[in-house]
Amino acid sequence: MTVPEQLIARSNALGADPRNTNYAGGNTSAKGDVTDPVTGAPTEVLWVKGSGGDLGTLTEAGLAVLRLDRLRALVDVYPGVEREDEMVAAFDYCLHGRGGAAPSIDTAMHGLVEAPHVDHLHPDSGIALATAADGPALTKECFGDRVAWVDWRRPGFQLGLDIAAVKAANPQAIGVILGGHGITAWGATSEECRRNSLEIIRTAEAFLAERGAPEPFGPVVPGFEALPVAERRARAAALAPVIRGLASTDQRQVGHYTDSDVVLEFLSREKLAPLAALGTSCPDHFLRTKVRPLVVDLPATAPLDDVVARLKELHTEYRAEYAAYYERHADADSPAMRGADPAIVLVPGVGMFSFGKDKQTARVAGEFYVNAINVMRGAEAVSTYAPIPESEKFRIEYWALEEAKLQRMPKPKPLAGRIALVTGAGSGIGKAIAQRLAAEGACVVIADLNGDAAAEVAAGIGNADKAHWVLADVTHPEAVRAAIDATVLAFGGIDLVVNNAGLSISKPLLETTERDWDLQHDVMAKGSFLVSQAAAKAMVAQGIGGDIVYISSKNSVFAGPNNVAYGAAKADQAHQVRLLAAELGAHGIRVNGVNPDGVVQGSGIFAGGWGAQRAAVYGVEEAKLGEFYAQRTILKREVLPEHVAAAVFALTGGDLTHTTGLHVPVDAGVAAAFLR
């Protein structure tokens, strides 16, 4: 394999195991010769993981490539630690060729350390030693002289110089523990570097396990134990919208819920409050989890209303404390405060709620806090947890380089941060709506009676960070509540509901049975009512507004033949839009409708027999029913599922913020169905 191929293979292997490093954390490098295309002479270059990449999924495109002679020459012009941030821009003048990833802040570490291969990782076991109060002594006890200690320093050019100096002074060492931060290892070959990284990580793990106290977090606090699974999930579903609403005070957030044994055990222990107050230490951790979490200080069995009331009090206190933290450390050059809401909320007996601008960010924040719990456990097991000072955390959180990185992020899509539930989304109109909402940035839950179809639609949209599916019969209140609970547990809350589930039986009045009537009204009229009611309850608890959209029909206002049960049910839905718009507006919840007509292609209703029945009514071939509908419209155009989806997006995408109680016709123009 080539040197870059060896580097990619090593990076992927290390990044695949969460014991070695966290998602998008750490970086790896290799040095080697290439031919200079200008001189034809061999030139030594550095391949290093670029800014923002993930080791587990790293490809060659994610590497930055720099000329090593130019990179090392920067030592001669280095202006000192007070101006070390200027060196990041200087890396651009060391690049070999064009393309590749942007060099990260850790590039100096990899280039200045005299070793062909270097790994910088964030293993829980390594950070536990790095954050122990007597970390240097423990490192000596654990590794002897094979691993050296480097005092905490913010990542940058000076840290690279520090590590290079320590390596030069300790030729027997295979790596270092970076105080408050992580580990760095090196080797003469890629395989030796990997082995050395794993030796440090596994040796630290074994040391903590053998040397550590049995209950590093202290005894269990009575009443703070984990609730039984069903009770725990029910309480989490009730609390999730409330917590998300609080966490979205400054900016709408998506949530992630974690009730793993690691989290629940930490939340039940005596040291929960003091350790949580100390915050995380590794820069990768606190950049995603914020300086410290919000911790509910009530037992798991406290009445739900009491927990909600306490959450609101604690949130007010948290925001004031965060603002004070910012004021303590900000100077004239600091970026503006980005928001004072917590990224991590811990509820004893229930679990952890983590938040971010999208589901992946929220999930990763939760994963990083689990890393932090493991770090605290390890440090407390052999010593006392002593993270880096608060002032240092602020220097990184509000680092000018971090701010520049955030400013480079692409503009969010219109529905970014929104959470949508679409009923009847396993096919036809519902499927098209779910796909459009997801394409515009929303997290989507696909609800359908056909679980296989719902799962297929969700898989087509993306992974669990983009879409979930639920089996849902909207005629049953329990099933509807379960669908809403599944939505808020998957993404933290709910912002947008599309009542699309439906069916139709085409019969004249004298042939319409009571069962025909009840079935259509149960699914569409009652089903929409139940879904809207359950969703509105969650939206009101969130306190950040929302959208409810009814997929009604042209038949809600047009009296067509042989259509009494379907038309009456659709008219019921249409008036629900008006009633709920008037009632829910006080909560910032907008309710609107879409009136399609003649959507034949891809329609589950038409494929289920409605198409054949309507074709018989109109005396046309079923295969030509769409063409027939088109010809009776003003525009002479066939209506497709994506046209209905476009109307839903128009109502919810942010341009019609002052519109509620509206029905949008999507029928290519049917004069008899014009709204008056």
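Worth saying up front: this structure is predicted, and the values here are computed from it rather than measured.
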Residues [X] and [Y] bridged, charged N to O under 4.0 Å:
{"X": "D495", "Y": "R244", "value": "yes"}
{"X": "D124", "Y": "R19", "value": "no"}
{"X": "D259", "Y": "R232", "value": "yes"}

Does the side chain of [X] come under 3.5 Å of the side chain of [Y] through a donor N or O and an acceptor N or O?
{"X": "N592", "Y": "H663", "answer": "no"}
{"X": "Q573", "Y": "S552", "answer": "no"}
{"X": "S532", "Y": "N499", "answer": "yes"}
{"X": "D522", "Y": "T475", "answer": "no"}

Compute both the distance and the angle, then confirm whether R292 meets the cation-pi test with Y318: under 6.0 Å from the six-membered ring centre, within 45 degrees of the axis.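 Geometry flag: not set, cation outside 6.0 Å or 45°.
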
In terms of relative ring orientation, are H120 and H181 parallel, tilted or perpendicular, with 30° and 60° separating the classes?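 Judged by the thresholds at 30° and 60°, the geometry between H120 and H181 is perpendicular.
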
For a salt bridge (charged side-chain N to carboxylate O under 4.0 Å, His left out) check, start with the C-alpha distance between D485 and R233, then their side-chain angles and the critical distance, and finish with the verdict. CA-CA 9 Å; D485 286 353; R233 294 296 176 90; over 6 Å; no

Kindly compute the distance separating OH (Y322) from CG (L294), expressed to the nearest 0.5 Å.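 The distance works out to 14.0 Å.
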
Show the nearest heavy-atom pair for residues Y550 and V591, with the distance to one decimal.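 In terms of heavy atoms, the two residues are closest at CE1-CG1, 4.0 Å.
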
Near [X] [atom1], under 6.0 Å, is it more than 12 heavy atoms from other residues, nucleotides or ligands?
{"X": "N463", "atom1": "CG", "answer": "yes"}
{"X": "D655", "atom1": "CG", "answer": "no"}
{"X": "E402", "atom1": "CD", "answer": "yes"}

With a 6.0 Å cut-off on the ring centroids, do H122 and H285 count as close?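 Ring-ring flag for H122/H285: false, centres at least 6.0 Å apart.
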
Suppose we call two aromatic rings close when their centres sit under 6.0 Å apart. Are F491 and H256 close by that rule?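 So the answer is no for these two rings.
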
Donor-acceptor pair, side chain of E397 and main chain of F286, under 3.5 angstrom: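 The answer is no, because no donor-acceptor pair under 3.5 Å joins these two groups.
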
